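Notes follow the structure.
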Amino acid sequence: MYNFKEIEKKWQQYWNDHQTFAAKNNSEKEKYYLLVEFPYPSGSGLHVGHARSYTALDTVARQKRMEGYNVLFPMGWDAFGAPAEQYAIKNHIHPKDAVRENIKTFKQQIEELGISFDWNREFSTTDPEYYKWTQWQFLKFYEHGMAYKAKKNINWCPKCKTGLSNEDSAGGVCERCGTKVVQKEKEQWMLRMSDYAEDLLQGLNNTNFSKRVKLGQINWIGKSEGAEIDFEIENTDKKLKVYTTRPDTIFGATFMVIAPEHPILETLKDKITNLDEIKKYQEYAKTKTEFERTELAKDKTGVKVEGFNAINPFTGKSIQVWISDYVMMTYGTGAIMAVPAHDDRDYEFAQKFNIPIIPVIEGDSLPYIKEGKYINSEFLNGITNKEEAIQKMLEEITKRKIGNKKTNYRLQDWIFSRQRFWGEPIPLIYCEKCGWVPVPEKDLPVLLPDVANYEPTEDGESPLAGIEDWVNTTCPHCGGKAKRETDTMPNWAGSSWYFLRYMDPHNDQDFVSKEALDYWGKVDWYDGGMEHTARHLLYARFWNQFLYNIGLVPNKEPIDIRTSHGMILGPDGEKMSKSKGNVINPNDVVEEYGADALRLYEMFIGDYEKDAAWSINSLKGCKRFLDRVWNAGKKLNDRQGYSNEPLVHKTIKKVTNDIKSMKFNTAISALMILINDYDDKESITKDDLRVLIHLLNPFAPHITEEINEKYNLGNPLCESMWPTYDDTKTIDNTYELVFQVNGKVRGKETVNTNISKEEMESLAQQNVNVQKFIEGKTIIKVITIPGKLVNIVVK
RNA sequence: GCACAUGUGGCGAAAUUGGUAGACGCGGCAGACUCAAAAUCUGCAGAAGAGUGAUCUUCGUAUGGGUUCAAGUCCCUUCAUGUGCACCA
């Protein structure tokens with residue numbers, strides 16, 4: 001019937017020869033920038049999930065081009081990071097070579113799908129020409145005081161032997177290998193992301209991210225408004241600063257809790273009489289990871305600090321101070337005032353250790369703080385409104401100069417060091433005399449050395465630290481002996497700005513030219529996995545906002561629309577994995593059914609944002625549809641125009657709009673309805689066939705071009721304008737008018753579209769079945785909706 | 001625990017945004033073609049009931065209630081599933 005393999009090869013060759021998808025940087029046309037997340041070129045190859053995302057935006061890209069836009073739709077490789085390194089260690093090759101091999105495979109797999117990427121702009125984050133500019137931008141962070149080195153208790157993966165960001169170790173396990181993360185103190189490079197918390201929050205208003213994506217960002221930033229209040233330590237001049245969102249409950253604060261590592265314990269250690277016990281607890285808390293601390297949430301532990309008490313500044317009473325790991329040093333001030341009557345955790349703790357509980361809000365019972373009348377609270381007594389009480393308390397605190405209003409964010413600074421070989425070297429040099437000195441721009445990039453041994457060391461230093469030739473260098477400042485920084489960047493680094501580089505990927509003078517930035521502006525539509533909507537997106541926005549603030553990019557927000565696709569699950573409804581043996585290889589599908597069938601199926605599979613199980617039968621159905629489109633060419637007549645004008649115009653309208661709103665499944669079903677209509681006819685016109693394949697082209701680009709050529713229907717579709725519709729022509733001459741009695745359907749009749757209201761009503765009353773239901777009853781009113789129904793209300 | 005999302009045939013899903021629930025596809029059943037099978041084509045199909053029949057009736061969008069001439073759609077209740085955050089003070 002037709003050889004899809006030949007057809008697909010032929011048209012892929014054609015697009016390549018004609019540079020059909022090359023985006024132009026100096027174009028008169030309006031731009032449209034579409035972006036899909038670039039993949040890790042892992043050894044296991046392309047996944048059907050990749051194909052879903054790529055096909056979706058490819059469909060949009062192809063439509064946009066036919067609508068006259070200058071479309072930028074690029075692709076590249078995010079090839080730094082642990083997976084590539086581990087693969088290389090395992091297979092005893094240099095990561096560079098492993099990456100080159102994997103990219104080759106990946107690229108070939110993607111090309112087989114017929115995705116309209118502009119391959120002229122391809123790059124990998126591991127290309128020295130690219131990471132030169134990643135390093136250059138890091139130095140910008142450094143120059144502006146946004147990068148600093150600090151001793152940090154970091155999340156440490158004992159298996160990968162590297163530090164991890166909080167984000168990388170969510171849930172207390174290493175994101176890469178699943179090993180339990182432990183705490184380890186280390187000097188790390190940090191980026192001051194927390195300075196941008198408010199801007200990152202506010203910036204969301206200038207994006208068109210979906211509500212779900214915005215919410216994910218908001219949660220990560222974790223803004224909370226409250227107050228910092230000083231509690232004096234009895235018989236000393238020392239104070240304990242707490243953070244609270246409920247200063248209004250301070251009269252109920254009957255004890256304090258501080259984090260086990262709180263510095264006041266060191267300051268006042270001479271006063272503490274149970275130092276041994278405290279040290280023991282500190283050790284105990286240290287061995288527990290953050291995850292374990294939360295795991296054991298129900299079971300409160302702690303030790304009372306013997307030797308000093310604090311004073312509740314409002315009741316004037318002496319209150320106990322405890323250490324417990326339910327208070328985190330990393331959030332707020334590392335100390336809280338505990339109000340056991342109105343806080344779950346404080347209540348539990350007080351119960352366990354027999355600490356007094358004083359309610360300050362009448363009628364409130366745990367676990368929720370309800371609104372109620374304030375009691376036992378002096379000047380707050382009688383107030384019933386929480387906001388009012390908080391406001392009044394804040395004023396009082398300020399007046400007494402014991403505290404202030406304070407906003408806190410959960411977002412912390414970004415730990416930017418990794419003790420790995422396969423990452424961008426941090427371009428700094430340490431000189432005994434001059435301290436940290438940036439590598440001069442002319443010496444960038446700082447290249448990774450070509451060495452045989454790049455396995456992580458036991459002591460947690462980067463593998464680079466063992467390569468003396470590389471480490472030892474001269475100070476760019478004083479010319480004396482100096483050493484290079486041996487930590488590398490996290491692999492989030494390269495992906496935090498790659499969308500900018502695509503605008504001008506071969507520029508060796510600048511990270512992107514100003515002209516390219518001005519023309520392409522921002523990414524109009526960015527699609528990727530659900531798992532990246534929180535962190536990667538936040539890092540990319542942070543990076544871009546920084547570049548904006550120092551005047552390097554024109555937009556504060558780099559992305560307009562962000563969508564996230566659901567996963568494609570195995571035929572068994574489970575996540576695809578080698579161990580379950582339910583992995584579908586997209587290129588096997590291409591081999592057997594063709595790229596067009598695969599693409600069409602992945603777009604037809606269901607709601608784009610939802611997960612969907614693989615179904616081979618459903619795929620076959622899509623192939624069957626393509627066969628029918630192919631066969632439609634065999635019954636062309638000599639007439640012109642559309643045989644069924646309203647249906648064609650309706651279909652154009654539906655497909656045009658559905659692609660834009662990602663409702664690919666209904667766009668395809670509209671095309672199926674159209675072919676069903678053609679199949680019922682003896683013959684169809686060339687215009688009929690041309691419009692069908694044109695609308696189908698973004699989904700199934702190869703076979704539609706072939707049909708177009710075979711029957712001489714016109715210029716190649718990819719070089720033609722998208723079909724247009726006329727709203728007035730979408731209306732049928734007749735429709736089925738529905739008759740209802742009391743809202744229930746009692747009859748139908750086919751009527752002329754321009755029938756009057758009066759005629760509609762009289763037809764309804766004449767209907768035999770309707771008469772059965774209104775007989776002997778009083779008609780209260782008649783509701784007539786032109787084009788739809790007549791509803792007779794009777795009693 | 002908190003926040004958000006979702007709940008429609010045997011399955012994937014549609015539903016002009018308050019107006020004929022189940023489009024389209026898969027699977028199924030029956031028939032045609034065939035020695036036969038596959039492929040293809042034609043027809044049927046939410047559930048229950050009445051009628052020889054065209055048809056008609058009742059029920060039906062997780063649950064219970066409400067608003068409305070009219071509810072899958074709006075409001076409240078409960079339940080289930082999914083995702084995110086989580087001892088964040």
Side-chain angles (χ1 to χ4, degrees), chain A residues 1 170-171 210-220 222-224 226-227 242-246 249 257 290-291 293-300 324-328 330-339 343-346 348-349 367-368 408-410 530-531 533-534 564 566 601 604-607 609-622 624-625 627-628 631 650 653-654 663 665-676 679 730 735-748 769 772 780-785 787-794:
Chain A
M1 160 163 169
S210 69
K211 195 178 162 189
R212 182 163 57 153
V213 174
K214 280 189 184 177
L215 220 70
Q217 300 273 295
I218 291 167
N219 281 340
W220 271 108
K223 181 175 182 172
S224 96
V242 303
Y243 175 71
T244 178
T245 54
R246 295 298 304 270
T249 63
V257 186
E290 294 248 343
F291 183 61
R293 283 166 78 154
T294 59
E295 268 275 270
L296 304 166
K298 290 276 169 279
D299 198 16
K300 293 276 181 296
S324 174
D325 59 6
Y326 84 90
V327 173
M328 312 288 155
T330 48
Y331 186 78
T333 60
I336 62 161
M337 61 177 214
V339 185
D343 181 281
D344 252 354
R345 298 148 302 181
D346 298 346
E348 243 177 81
F349 196 84
Y368 304 108
N408 259 324
Y409 300 91
R410 196 168 312 180
M530 211 72 79
E531 67 277 17
T533 51
S564 302
Y601 167 61
F604 188 62
I605 198 166
D607 190 333
E609 299 219 318
K610 277 197 204 148
D611 291 353
W614 186 264
S615 158
I616 189 70
N617 281 325
S618 200
L619 170 74
K620 283 180 188 166
C622 291
R624 196 147 36 207
F625 165 70
D627 294 347
R628 288 168 67 202
N631 288 332
K650 268 191 271 191
K653 183 178 182 177
K654 180 138 188 74
K663 289 157 85 179
N665 51 344
T666 48
I668 293 166
S669 80
L671 293 170
M672 288 171 169
I673 291 169
L674 191 61
I675 191 83
N676 286 348
D679 275 357
T730 60
Y735 70 94
E736 202 170 47
L737 178 64
V738 170
F739 306 131
Q740 294 182 337
V741 178
N742 286 347
K744 293 203 172 186
V745 180
R746 297 302 178 191
K748 297 169 192 181
N769 202 42
K772 266 190 356 208
I780 296 168
K781 60 174 161 178
V782 180
I783 289 141
T784 310
I785 313 288
K788 295 208 191 304
L789 54 82
V790 178
N791 186 14
I792 302 173
V793 186
V794 296

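Letters go in sequence order (proteins before strands), and every chain restarts at 1. Every value quoted in this text rests on a predicted model; they were computed, and no experiment measured them.
B/G18 and B/A71: their P atoms are spaced 14 Å apart (whole Å). Spacing of C1' atoms, B/U58 relative to B/G10, comes out at 24 Å, to the nearest Å. Separation of the P atoms belonging to B/C26 and B/U77 is 42 Å when rounded to the nearest angstrom. B/G22 sits 16 Å from B/U57 when the P atoms are compared, rounded to a whole Å. On the C1' atoms, B/A15 is 11 Å away from B/U61, given to the nearest whole Å. The separation of B/U63 from B/G72, taken at their C1' atoms, amounts to 14 Å, rounded to a whole angstrom. Nucleotides B/G12 and B/G82, compared at atom P, are 15 Å apart to the nearest Å. Using P as the reference atom, B/U81 and B/A86 are 23 Å apart when rounded to the nearest Å.
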Paired and unpaired positions of RNA chain B as dot-bracket, Watson-Crick or G-U wobble under 3.5 Å, | denoting a partner strand
(((((((..(((......[....))).(((((.......))))).(((((....)))))..(.(((..]....))).))))))))....

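Atom pair A/Asp611:CG and B/A13:P shows a separation of 10 Å (rounding to whole Å applied).
For B/G9, the glycosidic angle deviates from 0 by 90° or less, giving a syn base. Regarding the sugar-base torsion, B/U17 falls in the syn class, its angle being within 90° of 0.
Checking B/C24, B/C87, B/G27 against every side-chain atom of A/Asn676, the shortest atom distance belongs to B/C24. With distances taken from any side-chain atom of A/Lys748 to the nucleotides B/C24, B/U20, B/C87, the minimum falls on B/U20.
Between A/Arg624 and the phosphate of B/G27, there is a side-chain N or O to OP1/OP2 separation shorter than 4.0 Å.
Within the 4.5 Å cutoff, side-chain heavy atoms of A/Met530 are placed close to those of A/Arg212.
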I'd like a table of donor-acceptor pairs (distance under 3.5 Å, sequence neighbours excluded) in which one partner is a side-chain atom from residues 611-618 of chain A, with atom names and distances.
from     : atom 1 : to       : atom 2 : distance (Å)
A/Asp611 : OD1    : A/Met567 : N      : 2.7
A/Ser615 : OG     : A/Ser618 : N      : 3.1

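A donor atom on one side chain and an acceptor atom on the other are found under 3.5 Å apart for A/Arg628 and A/Asn676. With no hydrogens or angles considered, a side-chain donor-acceptor pair links A/Tyr243 and A/Ser224 at under 3.5 Å.
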